[in-house]
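In what follows, chains are A, B, ... by sequence order, proteins preceding strands, each numbered from 1.
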4 protein chains.
Amino acid sequence: MSPKVTDEYKEEKRSQILEGALHCFALKGYQATTINDIAQYLNLSKGAIYTYFSSKEEIYIQLMEEQTRHSNNEIRGQFQTLPTAEEKLHFLFRYFRQRSFNCMRQLGKVYYEFWLYSSRKDELQRLMDHRYQHAISQIGEVIAEGQRNGEFRRDVNDQFVGSLFWILRDGSLLHFSVIGDEQMYQNVWREAEEMLFSYLLTTPDA
Amino acid sequence: MSPKVTDEYKEEKRSQILEGALHCFALKGYQATTINDIAQYLNLSKGAIYTYFSSKEEIYIQLMEEQTRHSNNEIRGQFQTLPTAEEKLHFLFRYFRQRSFNCMRQLGKVYYEFWLYSSRKDELQRLMDHRYQHAISQIGEVIAEGQRNGEFRRDVNDQFVGSLFWILRDGSLLHFSVIGDEQMYQNVWREAEEMLFSYLLTTPDA
Amino acid sequence: MSPKVTDEYKEEKRSQILEGALHCFALKGYQATTINDIAQYLNLSKGAIYTYFSSKEEIYIQLMEEQTRHSNNEIRGQFQTLPTAEEKLHFLFRYFRQRSFNCMRQLGKVYYEFWLYSSRKDELQRLMDHRYQHAISQIGEVIAEGQRNGEFRRDVNDQFVGSLFWILRDGSLLHFSVIGDEQMYQNVWREAEEMLFSYLLTTPDA
Amino acid sequence: MSPKVTDEYKEEKRSQILEGALHCFALKGYQATTINDIAQYLNLSKGAIYTYFSSKEEIYIQLMEEQTRHSNNEIRGQFQTLPTAEEKLHFLFRYFRQRSFNCMRQLGKVYYEFWLYSSRKDELQRLMDHRYQHAISQIGEVIAEGQRNGEFRRDVNDQFVGSLFWILRDGSLLHFSVIGDEQMYQNVWREAEEMLFSYLLTTPDA
DNA sequence: CATGAATGAGAATTCATTCAT
DNA sequence: CATGAATGAATTCTCATTCAT
């Protein structure tokens with residue numbers, strides 16, 4: 001009779017725990033964060049956390065999964081409303097510029113730590129490789145689309161540029177997660193946008 | 001009683017330990033690497049390591065210091081022999097393309113983990129901020145030099161471009177440290193070089 | 001959820017651990033006693049002890065604190081029921097004669113080791129100095145009271161005699177903690193009582 | 001040909017090491033003092049110490065032995081020159097009052113720690129019991145001598161008073177080793193002398 | 001003989017995880 | 001379901017002692 005309420009409640013709890021974990025992982029790092037840290041931050045008991053997640057690592061993995069899913073959904077959703085490749089690419093730059101800096105900084109720290117972490121665990125590595133390929137292709141396709149439509153020059157490899165985009169994103173976010181200078185982040189990210197576009201829009205020497 | 005031999009020996013040992021630590025940290029991550037791992041890898045006793053370093057963290061810090069010093073020296077040395085800003089910038093791209101990929105991959109993993117790690121320790125953070133500013137300025141100056149000499153367009157901020165360079169470097173190295181696809185690394189790094197140069201060499205719309 | 005039971009339970013556990021620690025410290029000495037020794041003696045895991053105390057040193061400190069508090073309370077309590085200084089002083093001799101010898105021996109060993117230990121740690125030293133002054137004054141006041149009431153001769157310094165009392169106590173307890181001859185302890189302690197009283201009751205050569 | 005020189009040299013070294021050990025043990029306690037501490041304090045190598053002593057414990061034991069021997073010799077020597085029991089007893093009080101306070105304080109700390117330590121090692125305990133009995137008897141005999149000569153009252157047990165003397169000595173020295181108030185030590189030690197003598201000289205109620 | 005690097009047995013302490021209440 | 005005490009494996013670091021140089 002009350003599965004719905006219970007399920008909602010559980011989903012809510014799960015979500016709260018992930019939030020708390022994100023906060024703590026960002027603050028102290030994954031390994032240095034104890035289950036107790038998370039429990040205390042959330043005013044929960046250690047045991048309660050184990051009701052929702054089977055291990056600390058699972059929290060980590062699901063946290064990253066959720067974030068990736070969320071981000072992917074937002075991007076995919078917006079892409080559908082944007083007719084041109086140029087607009088899609090501009091949207092991405094805007095997207096990563098406008099999200100709350102503090103939130104991005106937290107996420108950045110946790111995300112890159114997770115990436116390094118995953119590279120040492122076979123199962124995770126396969127998962128992340130997959131996501132990585134997906135992310136590259138996603139942009140690669142936008143580039144290819146722009147090339148087909150005559151928006152972008154055709155003599156560049158769409159996959160390379162897709163890769164470059166994420167390199168710029170990850171380089172920037174890593175730098176500014178660690179350094180924390182928002183002003184500089186905004187400026188450089190804008191410069192990056194300009195550079196990438198100027199590169200894609202350049203007409204190869206006729 | 002024979003300080004010369006002893007000092008050389010000690011320096012050699014120290015260096016070996018750092019090498020072993022780099023290997024292990026790259027393999028398992030800093031936190032997951034135990035002193036025992038390093039000792040076993042080097043066929044040493046745990047205690048021996050403490051003759052040369054006072055803590056695991058000190059190994060980490062000195063390892064990173066050594067690498068930074070080494071890299072800085074190489075770059076500074078080459079810069080002196082290169083007359084133009086363009087050549088200097090090309091050298092940097094070549095430098096990061098040609099170093100042994102495996103070595104760079106190892107270093108990358110350890111280096112970015114260290115960066116995240118340092119962002120949670122005040123003393124380390126100050127140190128890294130300092131190095132960061134230095135690195136940005138170093139390239140910024142090359143850009144400025146190129147602008148003064150008429151090599152590069154003048155309507156871009158030298159510091160932003162310095163920042164962009166390191167973002168490209170760190171983004172690339174992080175990606176390929178984690179992903180490990182050397183071919184792709186080479187390709188994308190070349191694309192990045194082309195993009196940055198095309199950006200700097202563009203004549204602003206007359 | 002059931003704080004009353006839990007709190008009592010915890011207090012009981014804490015107390016048990018202190019008891020176990022006293023036993024082990026007396027047996028092997030503080031430094032030579034490992035947390036494992038205490039845990040094994042109590043049929044507990046090492047970790048459990050850290051639920052109640054944050055370090056081995058804290059166990060030591062709290063153990064001594066508890067003992068001091070307990071002893072002080074007993075003495076203070078009795079003092080209130082005893083009208084004359086002479087009776088108070090006699091009570092003290094009786095008090096230290098009648099407590100279980102084995103218990104006193106244990107306590108003595110641990111206590112004097114702690115005293116030496118504390119003299120090498122600034123914070124502890126301050127604490128112990130304070131207690132020391134308190135202990136001296138406590139007896140000093142009894143002496144002074146006796147002098148005012150005409151029980152004791154007036155030409156001795158009350159503080160010196162207070163000090164002498166504790167010197168006799170600590171000298172005796174140290175000797176017999178180490179030597180362990182109860183009979184001799186009883187005899188000498190009685191002799192000490194007689195000597196001190198004969199000293200205090202002596203009419204200065206009229 | 002050079003055994004004499006070598007032996008002297010070795011004896012000198014041994015002695016220096018014991019001195020250094022005394023200093024370090026007094027400063028940090030026996031267990032907390034490392035062989036390295038002693039070596040560094042003496043500008044020696046760890047190995048060198050092991051040429052003269054087979055273990056840290058042996059240093060401890062021999063240090064205490066030396067001190068005891070030295071003290072016993074001094075006392076025995078003086079006793080021979082002093083004709084009356086009263087003078088002998090006065091000499092003892094003077095002896096423990098006049099030795100350098102700092103030196104006594106050092107010795108006190110190390111000595112009482114050793115005593116407690118010895119009580120946990122069977123072989124050492126036997127040794128110390130023996131010395132203890134000797135010390136008591138030594139004074140006991142002085143008392144008995146005084147009683148025979150009519151200097152001291154005869155209704156007290158000579159062994160008890162011998163014990164009392166050492167109790168006063170050890171209580172005082174322990175207190176002041178730990179507390180370090182020289183002025184108070186002098187005052188109280190004088191008071192103790194007076195008390196003991198007044199006790200011994202009292203004519204039992206005729 | 002002197003040295004001090006190396007050894008390795010231990011110590012304190014931490015923390016993910018379990019489970020009785 | 002929630003709790004948090006208990007567990008115990010794992011980790012860092014120490015130090016007496018040895019021994020090659």
Query raised in the report: Given Watson-Crick or G-U pairs with both distances under 3.5 Å, what dot-bracket string fits DNA chain F, with | for other-strand pairs and [ ] for crossing?
Result: .||||||||||||||||||||
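For the segment residues 12-25 of chain C, residues with any heavy atom less than 4.0 angstrom from an atom of DNA chain F are, sorted by number, C/Lys13. Using a 4.0 Å cutoff on non-hydrogen atoms, the parts of residues 29-53 of chain D near DNA chain E are D/Ser45, D/Lys46, D/Gly47, D/Ala48, D/Thr51, D/Tyr52, ordered by number.
Applying the salt bridge (charged side-chain N to carboxylate O under 4.0 Å, His left out) test to residues at least two apart or on different chains, none of the pairs has a partner in residues 42-52 of chain B.
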Would you give me the side-chain donor-acceptor pairs under 3.5 Å for residues 108-115 of chain D, sequence neighbours excluded?
{"from": "D/Lys109", "atom 1": "NZ", "to": "C/Ser119", "atom 2": "OG", "distance (Å)": "3.3"}
{"from": "D/Tyr112", "atom 1": "OH", "to": "D/Asp170", "atom 2": "OD1", "distance (Å)": "2.5"}
{"from": "D/Glu113", "atom 1": "OE1", "to": "D/Tyr30", "atom 2": "N", "distance (Å)": "3.0"}
{"from": "D/Glu113", "atom 1": "OE2", "to": "D/Tyr30", "atom 2": "N", "distance (Å)": "3.2"}

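Taking the side-chain contact (heavy atoms from CB on, under 4.5 Å) definition, one finds that D/Arg131 meets it with D/Glu65, D/Thr68, D/Leu127, D/Met128, sequence neighbours left out. Applying the side-chain contact (heavy atoms from CB on, under 4.5 Å) rule to B/Lys13 yields the partners B/Tyr9, B/Gln16, B/Leu44, B/Tyr52; only residues at least two apart in sequence or on another chain are considered. Shown here are the salt bridge (charged side-chain N to carboxylate O under 4.0 Å, His left out) partners of D/Glu66, two or more places apart in sequence or in another chain: D/Arg14, D/Arg69. Residues satisfying the side-chain contact (heavy atoms from CB on, under 4.5 Å) criterion with A/Lys28, sequence neighbours excluded, are A/Ala32, A/Thr33, A/Asp37. In this structure A/Ser55 satisfies the side-chain hydrogen bond (donor to acceptor under 3.5 Å, both in side chains) test with no other residue, sequence neighbours excluded. With sequence neighbours left out, C/Asn43 forms a side-chain contact (heavy atoms from CB on, under 4.5 Å) with no residue at all. For the salt bridge (charged side-chain N to carboxylate O under 4.0 Å, His left out) test, residues two or more places apart in sequence or in another chain that qualify with B/Glu57 are B/Lys121.
In the set F/dA2, E/dA5, E/dA12, E/dA5 carries the atom at the smallest distance from any side-chain atom of B/Tyr9.
Heavy-atom minimum distance, B/Ile17 versus B/Leu42: CA-CD1, 3.6 Å.
In this structure, the NZ atom of B/Lys28 is 12 Å from the C1' atom of F/dT11, given to the nearest Å. Here the C1' atom of nucleotide E/dT18 and the NZ atom of A/Lys56 are 17 Å apart, to the nearest Å. Between C/Ile59 atom CD1 and E/dA12 atom C1' the separation is 11 Å, expressed in whole Å.
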